[in-house]
Asker: 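Just passing along the structure, written as structure tokens.
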Amino acid sequence: MNEKVTELLHLFDEKQFQYDLISWYKNEQRNLPWRENQDPYRIWVSEIMLQQTRVDTVIPYFERFISKFPTIEALANAEESDVLKAWEGLGYYSRARNLQSAVREVADTYNSVVPNNPKEIAKLKGVGPYTAGAILSIAYNIPEPAVDGNVMRVLSRILGIWEDIAKPSSRKTFEEVTRHIISEEDPSSFNQGMMELGAIICTPKSPSCLLCPVQNHCRAFKEGSQEELPIKSKKKAPRPVPIAVVVLKDLRGKYLIRKRPDKGLLASLWEFPNVELTEGGLKEDQLRKHIKEEYDCDVAIENEIAAFDHVFSHLKWQLTVYIGTIQGTVKSEENVRLVNKDELEEFAFPVAHQKIVATIEVNE
DNA sequence: TACACGTGGGG
DNA sequence: TCCCCAAGTGT
């Protein structure tokens with residue numbers, strides 16, 4: 001144990017802490033669909049969905065996803081487009097692609113059994129240190145740390161850790177501390193109890209210290225610093241990106257859509273033709289030029305039908321949406337389609353483009 | 001290390 | 001309206 005951790009755990013009664021935390025968790029835990037059993041596959045899917053995503057948001061996605069892909073084999077054999085469609089609206093779409101890739105790996109290499117050791121499970125795509133620990137502890141009851149934002153917040157307050165939890169380097173401190181205080185008898189309830197406590201009691205703002213089952217163990221509560229902890233530096237503001245979009249119909253009334261590249265932002269999702277605007281020049285002209293280059297066709301741009309912002313973690317699309325007509329034919333490619341309005345719902349769109357689909361409905 | 005990578009809810 | 005998030009991972 002290094003010096004910093006020794007200092008932090010000085011006079012800390014981890015046995016009593018485990019008992020108080022786990023007793024509370026067993027009595028107060030929420031009924032969540034991924035807690036119905038310990039199927040490693042279901043735990044895995046839930047942990048991926050829960051990354052940076054609220055429980056209430058995940059629940060319906062999890063139910064639908066498990067209905068559609070109930071087993072490792074079912075997900076391994078599914079079409080990627082169907083997986084992305086099931087993920088539509090959940091965000092961070094690489095999670096879905098990495099999950100299916102890793103599930104195929106488990107099907108091929110591990111006879112469809114999720115590995116139960118840190119070495120092998122950590123190799124799987126999309127399974128980082130948190131998710132590895134979560135699956136090992138929850139599905140297999142193995143005492144591995146599962147340090148997420150909740151755990152860092154709770155431990156910051158309990159032990160009085162004044163490190164910036166936004167810095168990647170500080171997660172090591174929390175992992176090491178957790179290795180020393182985790183319950184060897186019930187690591188599943190310990191890890192889930194820490195996260196449940198963070199979600200329900202030890203919240204980021206206005207924590208409910210008077211209801212806290214481990215209040216007696218909490219240094220922050222003792223010194224009244226629970227509102228100051230954890231230390232968390234601020235993120236940069238999203239960068240604005242002006243974009244012109246056009247909803248194009250051909251002579252038969254079919255809409256032109258294209259599949260985004262399989263890497264980067266919104267990978268492999270479908271969208272309406274659009275171009276990032278540069279300074280100077282009419283938006284319509286830039287759009288027509290872009291369409292000519294990308295789709296090799298001429299278009300008539302008729303009206304502006306919407307303008308709105310869509311904010312991502314790191315950037316802000318400033319969208320101007322036009323409606324227009326295709327003159328002639330479109331270059332035929334695998335990632336370009338002409339589809340009826342009814343067929344649009346078969347494709348997975350990012351939310352910004354779902355909003356545009358909704359605009360079409362209103363305009364017809 | 002720092003940034004890319006989404007979305008909808010809540011104060 | 002704005003800002004902060006919410007059970008992180010990949011590069």
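All chains are named by letter (A, B, ...) in the order of the sequence lines, taking the proteins before the strands, and each is independently numbered beginning at 1.
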Asker: Need one value for A:Val55: base, sugar-phosphate or nothing, where a base atom within 4.0 Å counts as base even if backbone is also close, heavy atoms only.
Answerer: base
Asker: Please report the distance, rounded to the nearest Å, between NZ in A:Lys205 and C1' in C:dA6.
Answerer: 12 Å
Asker: For A:Leu197, which contact category applies under a 4.0 Å heavy-atom criterion: base, sugar-phosphate, or nothing?
Answerer: nothing
Asker: Determine the interatomic distance between C1' on B:dT1 and the same-named atom on C:dT9; round to the nearest Å.
Answerer: 15 Å
Asker: Look at the side chain of A:Tyr130 against the base of C:dG8 and say whether a donor-acceptor pair falls under 3.5 Å; ignore hydrogens and angles.
Answerer: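 Side chain to base: no pair below 3.5 Å.
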Asker: Please state how far atom NZ in A:Lys316 lies from atom C1' in B:dC5, giving the value in whole angstrom units.
Answerer: 18 Å
Asker: To the nearest angstrom, how far is A:Tyr61 atom OH from B:dG9 atom C1'?
Answerer: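 Rounded to the whole Å, the gap is 14 Å.
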Asker: Please state the C1' separation for the pair C:dC5 and B:dC5 - nearest whole angstrom.
Answerer: 16 Å
Asker: Tell me what A:Ser46 touches on the nucleic acid: a base, only sugar-phosphate, or nothing, going by heavy atoms under 4.0 Å.
Answerer: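 Counting heavy atoms under 4.0 Å across all strands, no contact is made by A:Ser46.
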Asker: Taking the ring of A:Tyr61 and the ring of A:Trp87, is the distance between their centroids below 6.0 Å?
Answerer: no
Asker: Select from A:Asn98 and A:Leu50 the residue whose nearest nucleotide in DNA chain C is closer to the 5' end of that strand.
Answerer: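 Its nearest nucleotide lies further toward 5', so the answer is A:Leu50.
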Asker: Please confirm whether any donor atom in the side chain of A:Thr53 sits under 3.5 Å from an acceptor in the base of B:dG6, or the reverse.
Answerer: yes
Asker: For the C1' atoms, the ones on C:dC4 and on B:dG6, what distance do you get once it is rounded to whole angstrom?
Answerer: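 To the nearest whole Å, 15 Å.
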Asker: Report the distance from atom CZ of A:Arg54 to atom C1' of B:dT7, rounded to the nearest whole Å.
Answerer: 10 Å
Asker: NA contact type, A:Ser206, heavy-atom cut-off 4.0 Å: base, sugar-phosphate, or nothing?
Answerer: nothing
Asker: Give one of base, sugar-phosphate or nothing for A:Arg153, where a contact means two heavy atoms less than 4.0 Å apart.
Answerer: sugar-phosphate
Asker: Where the side chain of A:Tyr92 is defined as all heavy atoms beyond and including C-beta, which of B:dC3, C:dG8, C:dT9 is the nearest nucleotide?
Answerer: C:dG8
Asker: Using the side-chain heavy atoms of A:Gln52, tell me which of these nucleotides is nearest: C:dA6, C:dC5, C:dC4.
Answerer: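 Nearest nucleotide to the side chain: C:dA6.
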Asker: Just checking A:Ile48: base, sugar-phosphate only, or nothing, at a heavy-atom cut-off of under 4.0 Å?
Answerer: nothing
Asker: So if I take every side-chain heavy atom of A:Pro168 and compare against B:dT7, B:dA2, B:dG6, which nucleotide ends up nearest?
Answerer: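 Nearest to the side chain of A:Pro168 among the choices is B:dA2.
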Asker: Mind checking whether A:His310 and A:Trp317 have parallel, tilted or perpendicular rings, split at 30° and 60°?
Answerer: tilted
Asker: Could you check how far CH2 of A:Trp87 sits from C1' of B:dT7, rounded to whole Å?
Answerer: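 So the CH2-C1' distance, A:Trp87 to B:dT7, works out to 13 Å.
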Asker: Under 30°, 30 to 60°, or over 60°: which ring-plane class applies to A:Phe272 and A:Phe349, parallel, tilted or perpendicular?
Answerer: parallel
Asker: Looking at every strand, decide which applies to A:Gly89 at a 4.0 Å heavy-atom threshold: base, sugar-phosphate, or nothing.
Answerer: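 Sugar-phosphate only.
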Asker: Just checking A:Val58: base, sugar-phosphate only, or nothing, at a heavy-atom cut-off of under 4.0 Å?
Answerer: nothing
Asker: Taking OP1 and OP2 of C:dA6, is either one under 4.0 Å from a side-chain nitrogen or oxygen of A:Thr57?
Answerer: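 For C:dA6, OP1/OP2 do not have a side-chain N/O of A:Thr57 under 4.0 Å.
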Asker: Does the side chain of A:Gln51 come under 3.5 Å of the side chain of A:Thr131 through a donor N or O and an acceptor N or O?
Answerer: yes
Asker: What contact category does A:Lys125 fall into here, base, sugar-phosphate, or nothing, at under 4.0 angstrom with non-hydrogen atoms?
Answerer: sugar-phosphate
Asker: So A:Trp317, base contact, sugar-phosphate only, or nothing? Heavy-atom distance under 4.0 Å.
Answerer: nothing
Asker: Heavy-atom nearest nucleotide on DNA chain C for A:Gly126 versus A:Ser233: which residue maps closer to 5'?
Answerer: A:Ser233
Asker: Starting at the 5' end of DNA chain B, which residue's closest nucleotide do you reach first, A:Phe312 or A:Asp56?
Answerer: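 Closest to the 5' end, via its nearest nucleotide, is A:Phe312.
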Asker: Taking A:Leu265's backbone N and O only, do any of them form a donor-acceptor pair with A:Arg260's side chain (distance below 3.5 Å, no angle check)?
Answerer: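 Present.
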Asker: A:Lys232 has a side chain; which of C:dC5, B:dG6, C:dC4 sits nearest to it?
Answerer: C:dC5
Asker: Take A:Glu73 and A:Asn77, measure what side-chain hydrogen bond (donor to acceptor under 3.5 Å, both in side chains) needs, and give me the verdict at the end.
Answerer: CA-CA 6 Å; A:Glu73 292 86 348; A:Asn77 294 327; over 6 Å; no
Asker: Closest approach to the side chain of A:Thr131, judged atom by atom: which nucleotide of C:dT9, B:dG8, B:dC3 is it?
Answerer: C:dT9
Asker: Reading DNA chain B from 5' onward, which residue's closest nucleotide shows up sooner: A:Lys167 or A:Leu266?
Answerer: A:Lys167
Asker: Side-chain N or O of A:His314 less than 4.0 angstrom from OP1 or OP2 on B:dC5?
Answerer: yes
Asker: Hey, is the side chain of A:His310 poking within less than 4.0 Å of OP1 or OP2 on B:dG6, counting only N and O atoms?
Answerer: no
Asker: Which part of the nucleic acid does A:Arg30 contact within heavy-atom distance under 4.0 Å: base, sugar-phosphate only, or nothing?
Answerer: base
Asker: Quiz question: by atom type and distance under 3.5 Å, do the side chains of A:Ser268 and A:Asp262 form a donor-acceptor pair?
Answerer: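 Judged by distance alone, the side chains do not pair up.
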Asker: What integer distance in Å separates A:Leu319:CG from B:dG6:P?
Answerer: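 Nearest whole value for this atom pair: 15 Å.
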